[in-house]
Structures are given as C-alpha cells and as structure tokens.
Amino acid sequence: MRVLVTGGAGFIGSHLVQRLLAEGNEVIVLDNFSSGLRDNLKGLPVELIEADVSAPFDIACDQIYHLACPASPVFYQRNGVGTLLTAFNGTYQALLNAERYKSRILVASTSEVYGDPAVSPQPETYFGNVNTWGPRACYDEGKRAAEALCYEFQTQGRADVRVARIFNTYGPGMRLDDGRVMTEFIAAALAGRPLRLDAAGEQTRSFCFIDDMVEGLMALMSFDGNPGPVNLGSADEVKLSQLAELVVAMAGSPSPIMQAPRRLDDPMQRKPDTVLATAVLGWRPQIKLAVGLEMLIRSIRKISTQ
Ligand code: NAD
C-alpha cells in the first residue's frame, strides 16, 4: 500500500514508518521538522515532503496516519496559536486528502482530551474536564476540535476515519529537550542532576512502550468498522514519585529528587480504560514498564556518551 504519514519524522511517526516499510509498504512522509528530526528518517527509503500540514496538499495514497502536531508542552506552548491551527487545519487538510483519494485515515488524538479527569480510568465515553483558558488549552482543545471534525467527516460519509486517543508513550528516539517527564527524569539521573517532581509526585501516568503503540495504531487502522475514538495506552498506572525512584535506581544515579509546585492544569491522573481496544482490536500492551525503561535508559546513555 501507499501510506502517507504526516509527522513521520517525529517520535511515534518514525517508529511507525519503519514498521510500515518493514511490512513492504511504500511510505510518504509529510513533515515540517518543527519538532521532528531528519536523523529519525536517515537511510529510510521514504518519499519526503517538507511542508506544513495545515496548508492544502494533494498526495495520492491508500492510507493516511495523521500524526503531525506538536506534542509536548515545550513545543506546543511555544506558539499556541500555531498549535491550534495545526491541530484543526492540519486535520482538515488530511481529511480532505483522505476524501479525495478515498484513503482510510487514522488521526492521532490524545488522552489530553480528558483534561484533568474526574473519573479513572478514563473510558472513551467520558467527556473530559478541560480548561479552555489556560496554557494547555491550545493543545487539548485543538485536539478536541480535530476529533469533532473527524466525527463530521465520518457521519457525512466523506471519509473513513479512525481516531486513536494516545496516552503517554515512550521509548528510544524521544527527544531529550522537549520536557516529557520520562526523558527529563532519565537525562537528569544520568547527568547526576536533581529530578524535578511537581505536586509531590502524586500525579499518575500510564506509560506505553512505543512498539506496543505502533502495534495498536496499525491494528486500529486495519479494523473494518467504526468504533469511534479508541484509547490506546497502558493501563499500568504509576505515580510520578514512584517513576522518579525507579529511574534513579535503574540508572544507578546519585541524583536527589527535588520538590516543585504543581504546574497549571497538569492532570493529576491518567489511566486509560482499554476495554474497547482489547474488545475490538484484540490489542493490549505487552511490554512492562521496567523492561521498556531499561531499553530507554540504555539508548539515552548511549546518546549521552557519543
Ligand atoms: P513529535 O513531536 O515527536 O512528532 C510530531 C511530528 O509532527 C514532528 O515530526 C513535527 O515536526 C511534525 N509537525 C508538527 N507540526 C507540523 C506541521 N504544522 N506540519 C507538518 N509537520 C508538523 O510527537 P509524537 O510524540 O511523535 O506525537 C505524534 C502524534 O501523537 C501527535 O499528534 C501527538 O499529539 C500524538 N500523541 C502523542 C503522545 C505521546 O506520548 N508521544 C500522546 C498523545 C498523543
């Protein structure tokens, strides 16, 4: 198949691209390299289109994985207006391209559509608790509006849409400078710097290893049906205080853990209800946190000593 991956130079995108190529697909990547890295695609036989996804494009393809969007607070808060426009207009352009070529499209949404949730775990039926007036709104509301657009294209019969609500994903290939908690902790531990723990580390997250996520995305793309948005993530919930201790121990680091105030609107709890993903896709993450963490620490240690 001829598969378009927007955001294919990013963390999740580049792992997905490698997997699609390994399965014999022809892959086109559309990316503006705002947070993605050229090195992520080095040596891969992809057709590369360097462009902004929110501008009109016309690319013949059978499938579209639409991932292009800044994903970490450091990047999405740099230009909040740009983030909103990418989330909405980018998804609109990707949906128009899917409509034009009758290609099935999978849109990357996020657990952030649930905001700071009042229920846990979060099922797809939960409408969320999101602040429209704060530093995370550009991302959270951008993705919510993008989902609404997907719903309209689907119900109007204009495109065959899948929506993945992706929960925290980690693994080799993540940038070390984009402020995501897993890489922040590991980079600090390896450098012997203090690990910054907000809100006494009482927040929970559920981390899914990248290989499991790629598997889930491909399973959702292949699913012949209309399940609506599907949560993809690990149900193994961990407090950030426990994660910090685990990282320090696994890295054999002398780093202290430093307490800091809670960041505005930072969700206190994140745990997907994955009943739907398991029922319709037969998918559940396989890689345990300690195993994935070991792989990530090893890869970051390698980069830091190069
Ligand atoms: P990433 O930042 O590594 O990748 C995003 C990619 O999109 C980058 O290559 C970037 O250059 C590209 N991009 C951004 N804006 C663009 C634009 N306007 N035009 C063209 N390309 C653009 O992030 P990621 O972690 O790989 O996330 C991929 C997708 O998954 C995003 O849509 C994100 O919202 C979603 N997601 C990720 C996570 C996670 O834990 N990694 C969780 C929830 C949702």
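Counting convention: from 1, in listed order, for ligands and their atoms alike. Only a predicted model underlies this, so the values are computations on that prediction, with no experimental measurement involved.
R270 and S111 are linked by a side-chain donor-acceptor pair at a separation below 3.5 angstrom, with hydrogens and angles left out of the test. Side-chain atoms of T204 and E237 include a donor-acceptor pair closer than 3.5 Å. In this structure, a donor-acceptor pair under 3.5 Å is absent between the side chains of D198 and Q203.
Atoms of ligand 1 lying under 4.0 Å from at least one heavy atom of D52, given by number and element, are 17 (C), 18 (N), 19 (N). Near Y139, with a cut-off below 4.0 Å to any heavy atom, the atoms of ligand 1 are 33 (C), 34 (O), 36 (N), 44 (C). Within ligand 1, the atoms closer than 4.0 Å to a non-hydrogen atom of F33 are 11 (O), numbered from 1 in the order shown. Near G7, meaning under 4.0 Å from one of its heavy atoms, ligand 1 places the atoms 6 (C), 7 (O), 9 (O), 12 (C). Near K143, the atoms of ligand 1 lying under 4.0 angstrom from a non-hydrogen atom of the residue are 31 (C), 32 (O), 33 (C), 34 (O). Atoms of ligand 1 lying under 4.0 Å from any heavy atom of A51, numbered from 1 in the order shown and given with element: 19 (N), 20 (C).
In terms of polar-atom proximity, G10 is counted as a contact of ligand 1, with an N or O under 3.5 Å from an N or O of the ligand. Ligand 1 has a nitrogen or oxygen under 3.5 angstrom from a nitrogen or oxygen of S35. Checked against a 3.5 angstrom limit, the closest N/O atoms of T86 and ligand 1 fall inside it. Among the atoms of S34, some N or O lies under 3.5 angstrom from an N or O of ligand 1.
Annotation: atom 5 (C) of ligand 1 to nearest protein heavy atom, C69 O, 3.4 Å. Among protein heavy atoms, the minimum distance from atom 39 (C) of ligand 1 is reached at R180 NH1, 3.5 Å. Ranking the protein heavy atoms by distance from atom 28 (C) of ligand 1 puts L67 O, 3.7 Å first.
Taking the salt bridge (charged side-chain N to carboxylate O under 4.0 Å, His left out) definition, one finds that E26 meets it with R2, sequence neighbours left out. Among residues two or more places apart in sequence or in another chain, the ring pair (Phe, Tyr, Trp, His ring centres under 6.0 Å) test is passed with F207 by none.
Geometric assessment of R180 against the ring of Y170 yields a negative cation-pi assignment under the 6.0 Å and 45° thresholds.
Taking 4.5 Å as the limit, every side-chain heavy atom of I210 sits out of range of all side-chain heavy atoms of M174.
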